[in-house]
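See structure below.
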Amino acid sequence: MNKEKLMTAVSLVLVAVIILNFYFPKAESFEQKRLRVLKELSASIDDAVLQGKYHCCIDPPCTMCYLGNWIWKDGTCNCDLMIAQGEFDKVCPQCVKGIENSQCEFTGGKN
Ligand SMILES: [Zn+2]
């Protein structure tokens with residue numbers, strides 16, 4: 001094989017590798033995926049806090065309420081307001097745990 005043919009062959013292989021990587025990117029690992037999802041979840045909750053829809057007493061805020069696993073709907077949290085009103089039966093288990101671990105920074109629904 002002469003030098004020119006070898007260069008052509010190498011170029012073709014490189015182009016093939018680039019195309020394959022573009023159409024079939026490496027699957028992300030479980031850990032990469034988990035980090036990406038958690039980052040997005042926490043950014044979404046931060047947004048809800050800024051929009052005044054997320055009244056959570058723990059920091060970082062609970063995820064349960066955002067995920068719809070408690071009584072509040074549409075990514076809202078009213079746990080802090082319920083604590084302020086003494087209605088502890090309406091506070092999500094994650095926030096209750098926060099209260100028990102003294103992680104609950106009671107704000108009286110101001111955030
Ligand atoms: Zn909550």
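Source: prediction; values computed, not measured. Sequence positions, counted from 1, serve as the residue numbers for this chain. Counting convention: from 1, in listed order, for ligands and their atoms alike. Because only heavy atoms are used, hydrogens play no part in the values below, and waters and symmetry mates are left out as well, while side chains stay in.
- Asn2 places a side-chain N or O within 3.5 Å of a backbone atom of Glu4 that can act as its donor or acceptor partner.
- Excluding waters, the count of protein N/O/S atoms less than 2.8 Å from the Zn ion (ligand 1) comes to 4.
- Side-chain contact between Ile45 and Tyr54 is present, with at least one heavy-atom pair separated by less than 4.5 Å.
- With hydrogens and angles ignored, the 3.5 Å screen pairs a side-chain donor or acceptor of Gln32 with a backbone N or O of Ser29.
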Donor-acceptor list for residues 56-79 side chains, cut-off 3.5 Å, not counting sequence neighbours:
residue	atom	partner	partner atom	Å
Thr63	OG1	Gln94	OE1	3.4
Trp70	NE1	Lys90	O	2.8
Thr76	OG1	Lys73	O	2.8

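- The same ILVMFWY cluster, assembled from side-chain heavy atoms under 4.5 Å apart, contains both Phe24 and Phe22.
- Closest approach of Val91 to Ile99, counting heavy atoms only: CG1-CD1, 4.4 Å.
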